[in-house]
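For reference, the structure is listed below as structure tokens.
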Amino acid sequence: MIKKILDDLKIDLYEILKSLGVNEDVEIFFEVPQDTNFGDFSTNIAMRLAKTLRKSPVMIAKDIISRIDVAKNHIIKVDVAGAGFINFFFDRKFLSEVIFEVLKEKENFGNIKISDEKVNIEFVSANPTGYLHIAHGRGASYGDSLSRILKKSGYNVTKEHYVNDGGNQINNLGFSIQQRYFELFGRDAKMEDGYYHGKEIIEIAKMIKEEVGDKYLDNDGYEYFRQRGMDYLLQGLKDDLKDFNVEFDVWFSEKSLYDNGEVEKTLNQLIKDNHTYELDGAIWLKTTDYNDEKDRVLVKSDKSLTYLTPDIAYHKNKLSRGYDQLIDVLGADHHGYINRLKAAIACVGGNPDKVHIEILQMVRVIQDGVEVKMSKRSGKSITLRDIMDEVGSDAIRYMYSAKALSTPMDLDLDLALRQTNENPVYYVQYAYARIASLFRMLKEKNIEFKEVSSFTNINLEKCDKIIMTLLQYPLVIEEAALKRLPHKIAQYAYSLASALHSYYNDEKIITENSLETNEKLTMMKAVQIVLKDSLNLLGVNVKEKM
RNA sequence: GUCCCAGUAGCUCAGUUGGAUAGAGCAACGGCCUUCUAAGCCGUGUGUCGGGAGUUCGAAUCUCUUCUGGGACGCCA
């Protein structure tokens, strides 16, 4: 609704600008003023036109507002303030209708149609060689929330996890397990470079010993160790993610690209199209043709492939599946990889502009003021499961979501644990639970609730914050989707909760006056719907009771 | 040496097409429960936006420079 109002207003404004002699393309946009006393929405268009029109912003603004058709747009007041802002005040009664809109559309409220493009978002993509750690958790949280936001914005989204089951690391996993298995029978484990040292490897070896005894002690059980280890870890990965409220549509196997010949085909195509050359016995890809700082090796002099080669085939595969956009969420240590990958995609004829790479920065866990590095579970870096056990999936997802991906983040366990009631996620969940409890109270008191279809008995001014916040939901969704910033949703959920708490303290909801009660409850229900939906976008559950 | 991210209140962070007096939470202090959940509300204080220069009507935001912290720079994955 508000989008429509603003869009209509925008059209009117463009007409007005034309009549003022503005021919160039300027985009008009509205923002919510920091100080709501300034108005409901404002635009700075007058200031931005000052130079081309060679007039003072205030003069231009006054010209503009004198031509605005106030009645048509549900505006009750429009004025010029500050350096030339145009501030709009809308009719309260009209704006309050957003509540009925929410009730009608339910969880579809805020659904917008930015685009129906097909988007593939690849995230986590952890090697199945150990447990997920906290940085994976951050990527999982971001990728999953972004997917939900994009879906709500109309995109056709596929969530994909790439499984590195084709390369050397998976062989090393097999060897590592094998050595630990031998160790269990009293032999020395020979843990070479590149082998995996997490406690989970020992656990797997024990499990295998229990399952098959000494069957693979003296004959070659390597294949079995490799496969069994990977299956086990992959399942663990899926379980962890599921408990973290993250599920993938596609688990894409790197190995499948070798099996069906796509890696080879990609390589041959690159050679045929003259994107490669040989040097020192290796085959190099001319990524410098497309903005990379140096060329990259595809085939090493020992004839084995680098990581890049199957990854090119993988991205080619994704593009061939008809996606309009590919989003890759990668760890901070991959930023040097971006140019290389984009260049390589260009070499195979893909459009690198379709590929968006989001880099997530480090996560540190802080307890008692110092960084915690060791996980009891894996004996290595802190795992996602460690944190979930400590603070729960909801709290951790909210904490991840609340911060922009580009910020190196400190996760303060003291705050998350000892002061759980100070944690923002509880604040938002509490708002929801409070409303839920109102409806429970009704049942206890045997009061019947009837949804109203207009407001006549309540003081709309007191509901201002709630109404304005509800109105902004679609706008926030749009911004979060276009800029790929899920933390906007976390901020939004918090501000809606804040509006609710404030109102709840100020006004008694269930009163003797049943008309008033029904109107208030109608509004409460709308708030509840949007709170639930916004938390859902973050993968956070609501609680009926706290 | 090159590149990326960060530097904003005591702490954790918002502030992303340059705009109004730079904002939240936590921490601190003062009020508010005979009444729907006080995990709440209301109020108070807090800033060389790392430093310096520039661009302009206007800069936390853009440019240059510089300092600090983290990370990346492989025929690793």
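What you see below is based on every heavy atom in this structure, not just the backbone, and it leaves out hydrogens, waters and symmetry mates. Labels below follow one simple rule: chain letters A, B, ... track the order of the sequence lines, proteins then strands, and each chain is numbered from 1.
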Handout entry: ring pair (Phe, Tyr, Trp, His ring centres under 6.0 Å) partners for A/His161, two or more places apart
Key =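 Ring pair (Phe, Tyr, Trp, His ring centres under 6.0 Å) list for A/His161, sorted by chain: A/Phe248, A/Trp251.
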Problem - Contacts of type ring pair (Phe, Tyr, Trp, His ring centres under 6.0 Å), residue A/Tyr504, not counting sequence neighbours - result: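 By the ring pair (Phe, Tyr, Trp, His ring centres under 6.0 Å) rule, A/Tyr504 matches no residue at all.
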Problem - Under 3.5 Å: donor-acceptor pair, side chain of A/Ser141, backbone of A/Arg138 - result: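 It does not hold such a pair.
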Could you check which nucleotide pairs with [N] in any of the strands shown, counting Watson-Crick or G-U wobble with both distances under 3.5 Å?
N: B/rC41; answer: B/rG31
N: B/rC36; answer: none
N: B/rU63; answer: B/rA53
N: B/rU48; answer: none
N: B/rC75; answer: none

Exercise for the section: For residues A/Tyr162 and A/Tyr314, establish whether the separation of their ring centroids is below 6.0 Å. Expected result: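 Under 6.0 Å, so yes.
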Exercise for the section: Answer yes if the side chains of A/Asp394 and A/Gln429 hold a donor-acceptor pair under 3.5 Å, and no otherwise. Expected result: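 On atom types as modelled, these side chains qualify, holding a pair under 3.5 Å.
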Tabulate protein N/O versus nucleotide N/O from nucleotides 42-47 of chain B, keeping only pairs under 3.5 Å, one per line.
from   : atom 1 : to       : atom 2 : distance (Å)
B/rC42 : OP1    : A/Ser502 : OG     : 3.0

Distances under 3.5 Å between protein N/O atoms and the N/O atoms of nucleotides 75-77 of chain B, please, pair by pair.
from   : atom 1 : to       : atom 2 : distance (Å)
B/rC75 : O2     : A/Ser301 : N      : 2.8
B/rC75 : O2     : A/Ser301 : OG     : 3.0
B/rC75 : N3     : A/Ser301 : OG     : 3.3
B/rC75 : N4     : A/Asp280 : O      : 3.0
B/rC76 : OP2    : A/Lys300 : NZ     : 3.1
B/rA77 : OP1    : A/Lys300 : NZ     : 3.2
B/rA77 : OP2    : A/Tyr307 : N      : 3.2
B/rA77 : O3'    : A/Gln169 : OE1    : 2.3
B/rA77 : O3'    : A/Gln169 : NE2    : 3.1
B/rA77 : O2'    : A/Asn127 : ND2    : 3.3

Problem - Span that lies between the C1' atom of B/rG15 and that of B/rA38, in whole angstrom - result: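 To the nearest whole Å, 31 Å.
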Problem - Same-atom distance (C1') from B/rU44 to B/rC5, integer angstrom - result: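 Result for the C1' pair: 37 Å, nearest Å.
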Practice task
Tell me what A/Tyr504 touches on the nucleic acid: a base, only sugar-phosphate, or nothing, going by heavy atoms under 4.0 Å.
Solution key: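 If one applies the 4.0 Å heavy-atom cut-off, A/Tyr504 turns out to touch a base.
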Handout entry: Torsion-based syn/anti label for B/rC26, 90° from 0 as limit
Key =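 Base orientation relative to the sugar is anti.
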Exercise for the section: Could I get the full list of side-chain contact (heavy atoms from CB on, under 4.5 Å) partners for A/Asp410, not counting sequence neighbours? Expected result: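 Applying side-chain contact (heavy atoms from CB on, under 4.5 Å) to A/Asp410 gives A/Arg364, A/Ile366.
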Completion exercise
Nucleotide by nucleotide, nucleotides 3-12 of chain B touches protein heavy atoms under 4.0 Å in the pattern (B base, S sugar-phosphate only, - none) BSSS-----S
Problem - B/rA20 base stacked by A/Phe38 (centroids within less than 5.5 Å, tilt under 30°) - result: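 Stacked: centres under 5.5 Å apart, planes under 30°.
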Practice task
Nearest whole angstrom, please: distance from the C1' of B/rC13 to the CZ of A/Arg138.
Solution key: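 For the pair A/Arg138 CZ and B/rC13 C1', the rounded distance is 11 Å.
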Problem - Residue whose nearest RNA chain B nucleotide is more 5′ - A/Ile28 or A/Leu438 - result: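 The residue closer to the strand's 5' end, by nearest nucleotide, is A/Ile28.
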